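What follows is a single structure, written as structure tokens, with notes after it.
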Amino acid sequence: MTAILEVRRLCAAYGDFQALFNVDFEIAAGEIVALIGSNGAGKSTLLKAITGLMSPTAGTISFAGEATSRTPAHALVRKGLAMVPEGRRLFKGMTVEDNLRVCLDRARADVEPASRWTLSRLYDLLPVLKERRRELVERLSGGQQQMVAIGRALLAQPRLLLCDEISLGLAPKVVKEIYQKLPEIRASGTSIVIVEQDVSRARSSSDRLYCMLEGRVTLSGPSGEIAQEDISRAYFGAHS
Ligand code: ATP
């Protein structure tokens, strides 16, 4: 297994408050990995450390074979690490297409032309974005805005796409539609991490799963092989 991301014994803190304790987390090339855990478990903190938005207090992070725990976020994007942030963070007052174009000049450069995401390839994956490309982004539904956020991240030509709670606030039908696109994104050579509150969706959409609780990884393994009772214990703690 070639790891695209390797996190070893990672610790991180907000001032005196330690939020991550010796976290090990690994993604192989071409994998879809789900990260679950209740509120405050440390999922967003782990993503912040991976994307260079927060410096770890101990441990190592290696992305595409290079140590990155001190690499700034913008440099990591150029190395192929893209994030679909919680809340989408689109640019209001700009059209769909202009929101998508934002990433084009910050994209990873060393991509074969045949594997490169272009606007037209993106519009094939998400046709609704083509239909609405000239509209202001705030006029789109929540699900369509989420697709813009995903599209924008793909145009950065990621090796690894980190999706932070992409289903938050969306109708189940729309969530299903978005999740159905993940295998096609993975087939383009991009590994994917999904942070997801819905445990059964996380399980059914991923190859492997990590569960966190109080800043620690409490369970990891192949999504199809982990027993539901083990997930409940890892999610809620030994007293559940
Ligand atoms: P959620 O699902 O609610 O987003 P999470 O698993 O992403 O939860 P984190 O946001 O990583 O959890 O939070 C981990 C711990 O760190 C929590 O106890 C939280 O209160 C704390 N924390 C998060 N951000 C900060 C901050 N900016 N300052 C201080 N403590 C923080």
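The shown structure was predicted, so the numbers you read here are calculated from the model rather than taken from an experiment. Every number for a ligand or one of its atoms is a count from 1 in the order of the listing.
- Closest protein heavy atom to atom 3 (O) of ligand 1: N39 OD1, 3.2 Å.
- In this structure, the protein non-hydrogen atom closest to atom 22 (N) of ligand 1 is Y14 CE1, 3.4 Å.
- Residue A41 has at least one N or O atom closer than 3.5 Å to an N or O atom of ligand 1.
- For the pair D98 and F91, the minimum side-chain heavy-atom distance is 4.5 Å or more.
- The closest approach between G215 and ligand 1 stays at or above 4.0 Å for every heavy atom of the residue.
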Go through the steps for S200 and D198 under the test side chain to side chain donor-acceptor pair (under 3.5 Å), then give the verdict.
-> CA-CA 6 Å; S200 70; D198 178 338; 3.2 Å; yes

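- Under the 4.0 angstrom criterion, atom 19 (C) of ligand 1 counts as lacking any protein heavy-atom contact.
- In terms of protein heavy atoms, atom 2 (O) of ligand 1 is closest to K43 NZ, 2.9 Å.
- Proximity of M212 to ligand 1, defined as any heavy-atom pair under 4.0 Å, is not found for any part of the residue.
- From the protein, the heavy atom lying nearest to atom 12 (O) of ligand 1 is G42 N, 3.1 Å.
- Nearest non-hydrogen protein atom to atom 10 (O) of ligand 1 is S44 CB, 3.7 Å.
- Looking at atom 9 (P) of ligand 1, its nearest protein heavy atom turns out to be T45 OG1, 3.6 Å.
- In this structure, a donor-acceptor pair under 3.5 Å is present between the side chains of Y123 and E97.
- Between D24 and V7 there is no side-chain heavy-atom pair separated by less than 4.5 Å.
- To the nearest 0.5 Å, the span separating CD on E184 from OG1 on T190 amounts to 11.5 Å.
- Going from atom CE of M147 over to atom CZ of R132 covers 11.5 Å, rounded to the nearest 0.5 Å.
- Considering backbone and side-chain N/O of F17, none are found under 3.5 Å from N/O of ligand 1.
- Residue E165 has at least one heavy-atom neighbour below 4.0 Å for each of these atoms of ligand 1: 2 (O).
- Heavy-atom separations between Q197 and ligand 1 include at least one value shorter than 4.0 Å.
- Distance check: W117 CH2 to L122 CG gives 6.5 Å after rounding to the nearest 0.5 Å.
- Checked by atom type, the side-chain pair E135/T95 shows no donor-acceptor distance below 3.5 Å.
- Residues R159 and F63 meet the side-chain proximity criterion, which asks for heavy atoms closer than 4.5 Å.
- Counting only heavy atoms of the protein, atom 17 (C) of ligand 1 lies nearest to G40 O, 3.6 Å.
- Heavy-atom contacts from other residues, nucleotides or ligands closer than 6.0 Å to CD of E112 number 12 or fewer.
- Of all atoms in ligand 1, numbered sequentially from 1 with element shown, those under 4.0 Å from a heavy atom of S38 are 6 (O).
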